[in-house]
Amino acid sequence: MSFDVPTDRRYLESHEWTTTDGDRVRVGITDFAQDELGDVVFVELPEVGEDVTKGAEFGVVESIKAVSDLVSPLSGTVVDVNEDLIDAPELVNEDPYGEGWMFEVEPSSESEFDALLSADEYRERIE
C-alpha cells in the first residue's frame with residue numbers, strides 16, 4: 001500500500017509530521033499513522049500556552065483499534081490547537097495533512113526542525 005508523504009514537511013519516526021508557517025510549526029500525524037490506527041474517535045491535545053518538549057508526549061489519539069501517545073517533534077510553546085478535532089476527530093482520518101492538523105508551536109530551537117526526517121527518509125521507514 002502506498003501512503004501520501006508530502007515533500008514540504010519533516011517527520012518523526014513515531015509518525016508525526018511538521019510544516020513551517022512563519023515562526024510557527026504545525027504538527028499532525030501522518031497518513032500512514034492514521035491508516036494504522038483506523039477510525040479515530042478521540043484526540044487529546046495540549047493547551048495553548050503549554051510548553052512541549054521534543055520527544056515527549058503531548059497528547060493522545062484514540063481509535064477503534066488502539067490508544068496511542070502522540071510525541072512532540074519539537075520543543076517550544078503551543079500557540080494554537082485545532083479545536084475542530086474535539087467535535088470531529090475523524091478529520092485526522094479524512095485529511096491528516098490538512099484539516100486534521102493538531103497544534104502549532106513556536107519552537108525554541110530551529111536546529112530541532114532541521115534534524116527531523118525528510119519525506120524520502122520517512123518514506124523509506126514505512127515501506
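- Side-chain N or O atoms of D95 include one that pairs as donor or acceptor with a backbone N or O of G98 at under 3.5 Å.
- Using a 4.5 Å cut-off on side-chain heavy atoms (C-beta onward), T20 and R26 make no contact.
- For E57, the CD atom counts as densely surrounded, since its 6.0 Å shell holds more than 12 non-hydrogen atoms of other residues, nucleotides or ligands.
- The shortest heavy-atom contact between Q34 and N93 is OE1-ND2, 2.9 Å.
- Of all heavy-atom pairs between P73 and L12, the closest is CA-CD1, 3.5 Å.
- Within the 3.5 Å criterion, the main-chain N or O of L116 finds a donor-acceptor partner in the side chain of R10.
- Residues H15 and I29 have side chains not in contact (no heavy-atom distance under 4.5 Å, counting atoms from C-beta outward).
- When atom types are taken as modelled, the side chain of S118 and the backbone of E121 share a donor-acceptor pair closer than 3.5 angstrom.
- For the pair D23 (side chain) and E106 (backbone), a donor-acceptor distance under 3.5 Å is absent.
- For the pair L117 and E13, the minimum side-chain heavy-atom distance is below 4.5 Å.
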### Query
What's the verdict on side chain to side chain donor-acceptor pair (under 3.5 Å) for T30 and Y11, showing C-alpha distance, side-chain angles and the deciding distance?
CA-CA 8 Å; T30 66; Y11 299 88; over 6 Å; no

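- Taking 4.5 Å as the limit, every side-chain heavy atom of V5 sits out of range of all side-chain heavy atoms of D31.
- With hydrogens and angles left out, the side-chain atoms of E16 and T18 include no donor and acceptor closer than 3.5 Å.
- With hydrogens and angles disregarded, no donor-acceptor distance shorter than 3.5 Å links the side chain of E94 to the backbone of L91.
- Residues V60 and V67 form a side-chain contact, since some pair of their non-hydrogen atoms from C-beta on lies under 4.5 Å apart.
- Side chain to side chain, E112 and S75 meet the donor-acceptor criterion of an N or O pair below 3.5 Å.
- For S63 (side chain) and K65 (main-chain N/O), a donor-acceptor pair under 3.5 Å exists by modelled atom type.
- Cluster annotation: V48 is connected to L85 through the hydrophobic network of ILVMFWY side chains, with a link wherever side-chain heavy atoms come within less than 4.5 Å.
- For R123 and D120, the salt-bridge test passes: some basic side-chain N is under 4.0 Å from an acidic carboxylate O.
- Between W17 and Y97, the angle of the ring planes lies from 30° to 60°, which puts this pair in the tilted group.
- Residues D51 and T77 bring a donor and an acceptor atom of their side chains to less than 3.5 Å of each other.
- Residues D35 and F3 meet the side-chain proximity criterion, which asks for heavy atoms closer than 4.5 Å.
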